[in-house]
Amino acid sequence: MRFMHIADVHLGAAPDHGYVWSKDRGRELWETFRQCIADAKEKKVDLLLIAGDLFHRQPEPRELKEVNYLFSTLENTAVVLMAGNHDYLAPGSPYRGYPWNENVVCMFSRECERVRLPELKTEIYGFSYYEQEIPLPLYDNIAVKKMIILKFSLRTEAMRGISRSTVRSSLRRDLTTSRLDTSTGRRCLSATWPCMREPWSRLTARISGRTAI
């Protein structure tokens, strides 16, 4: 999977306000953003993450229309968007209820939410600002659930020359608990490695961390 992460684009800002080149700087921000979209399309990016402050202030409807058009050109790219402390979701914000293109996912919750993208085998966690400042430590108790799939096979070239004891020792060192995921039948590992009951020839393990969601 290929993904692109951007944040703090600050469209609508007027850097160096009062100087003759200030308007040019504002236009350059838009051109830079358009170039990011063009790069994502050219490089066939699967996922574009925009982690806040796409705009420097509350966006105007015409600006959202332009941004949404640019997103629509990414026909094979999922776009995930959050609001930051500059373009926060104020009452009456144009963000609210805007009819985004179908490839755009807005994480506009006050609390941490999880968005699943099954086609990319990916989960994204995040939330948006509703004020310019968040005094509460909202991130402190969040632990992301890892979804890493490990497949072992003694018949594969990747495992050639690696003994079972070597792999077991490595897993013991890195993991500390184990449980069975009844929904998938897979062994879920996250810190001690008690024993491995699955057939060694094809062990599929999902590594799970603590999760608060």
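Only a predicted model underlies this, so the values are computations on that prediction, with no experimental measurement involved.
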Asks: Any chain of hydrophobic side-chain contacts (each under 4.5 Å) joining Tyr98 to Val105?
Replies: no

Asks: What about Ile6 and Phe55, same hydrophobic cluster or not, with Ile/Leu/Val/Met/Phe/Trp/Tyr joined at side-chain heavy-atom distances under 4.5 Å?
Replies: yes

Asks: Quick one: which residue pairs count as a side-chain hydrogen bond (donor to acceptor under 3.5 Å, both in side chains) with a foot in residues 38-52, not counting sequence neighbours?
Replies: Gln35-Asp39

Asks: Considering non-hydrogen atoms only, spot the tightest contact between Ala51 and His5 and give its length.
Replies: CB-NE2, 3.6 Å

Asks: How far does NZ of Lys121 sit from CZ of Arg116, to the nearest 0.5 angstrom?
Replies: 15.0 Å

Asks: Taking side chain to side chain contact (heavy atoms under 4.5 Å, CB included) as the test, write out the residues that go with Thr32, two or more places apart.
Replies: none

Asks: Quick one: closest heavy-atom pair of Pro59 and Pro94, and the distance?
Replies: O-CG, 2.9 Å

Asks: Please report the C-alpha distance between Leu47 and Ile124 in whole Å, then the side-chain angles of each, then the deciding distance to 0.1 Å, and finally whether the side-chain contact (heavy atoms from CB on, under 4.5 Å) criterion is met.
Replies: CA-CA 11 Å; Leu47 175 62; Ile124 302 168; 3.8 Å; yes

Asks: Taking only residues two or more places apart in sequence, or in another chain, which ones meet Tyr130 in a ring pair (Phe, Tyr, Trp, His ring centres under 6.0 Å)?
Replies: none

Asks: Are the side chain of Thr122 and the backbone of Leu117 linked by a donor-acceptor contact shorter than 3.5 Å?
Replies: no

Asks: Provide the full list of ring pair (Phe, Tyr, Trp, His ring centres under 6.0 Å) pairs with a residue in residues 24-50, sequence neighbours left out, each pair given once.
Replies: none

Asks: Sorted by first residue and then second, give each side-chain hydrogen bond (donor to acceptor under 3.5 Å, both in side chains) pair with at least one member in residues 86-97; sequence neighbours left out.
Replies: Asp53-His86, Gln58-Ser93, Asp87-Tyr95

Asks: Among residues at least two apart in sequence or on other chains, which ones pass side-chain hydrogen bond (donor to acceptor under 3.5 Å, both in side chains) with Asn85?
Replies: none

Asks: Would you indicate whether Glu119, at its atom CD, is surrounded by more than 12 heavy atoms from other residues, nucleotides or ligands within a distance under 6.0 Å?
Replies: yes

Asks: Rounded to the nearest 0.5 Å, what's the gap from CZ on Phe127 to CD on Glu113? Could you check?
Replies: 10.5 Å

Asks: Which pairs pass salt bridge (charged side-chain N to carboxylate O under 4.0 Å, His left out) with one or both residues in residues 126-138, sequence neighbours excluded?
Replies: Arg110-Glu131

Asks: Rounded to the nearest 0.5 Å, what separates atom CG in Leu81 from atom CG in Leu48?
Replies: 9.0 Å

Asks: Any side-chain heavy-atom pair from Trp100 and Leu64 closer than 4.5 angstrom?
Replies: yes

Asks: Count the heavy atoms of every other residue, nucleotide or ligand shown that sit under 6.0 Å from CZ of Phe108, and state whether that count exceeds 12.
Replies: yes

Asks: Between Phe3 and Val104, is there a shared hydrophobic cluster once you connect ILVMFWY residues whose side-chain heavy atoms come closer than 4.5 Å?
Replies: no

Asks: With sequence neighbours excluded, tell me which residues meet ring pair (Phe, Tyr, Trp, His ring centres under 6.0 Å) with Tyr129.
Replies: none

Asks: How many angstroms lie between atom CG of Leu54 and atom CE of Met82, to the nearest 0.5 angstrom?
Replies: 13.0 Å

Asks: Any pair with a residue in residues 26-38 that passes salt bridge (charged side-chain N to carboxylate O under 4.0 Å, His left out), sequence neighbours left out, goes on the list, sorted by first then second residue, please.
Replies: Asp24-Arg27, Arg25-Glu28, Glu31-Arg34, Arg34-Glu66

Asks: Evaluate the side-chain proximity of Val115 to Met107: yes if any heavy-atom separation is below 4.5 Å, no if none is.
Replies: yes

Asks: What heavy-atom pair brings Leu89 and Ala83 nearest, and what distance separates the two atoms?
Replies: CG-CB, 4.0 Å

Asks: For residues 72-80, please give each side-chain donor-acceptor pair under 3.5 Å, one per line with the distance, not counting sequence neighbours.
Replies:
unit_1, atom_1, unit_2, atom_2, d
Ser72, OG, Tyr69, O, 2.5
Thr73, OG1, Leu70, O, 2.5
Thr77, OG1, Val45, O, 2.5

Asks: Apply ring pair (Phe, Tyr, Trp, His ring centres under 6.0 Å) to Tyr19 and list each qualifying residue two or more places apart in sequence or on a separate chain.
Replies: Trp21

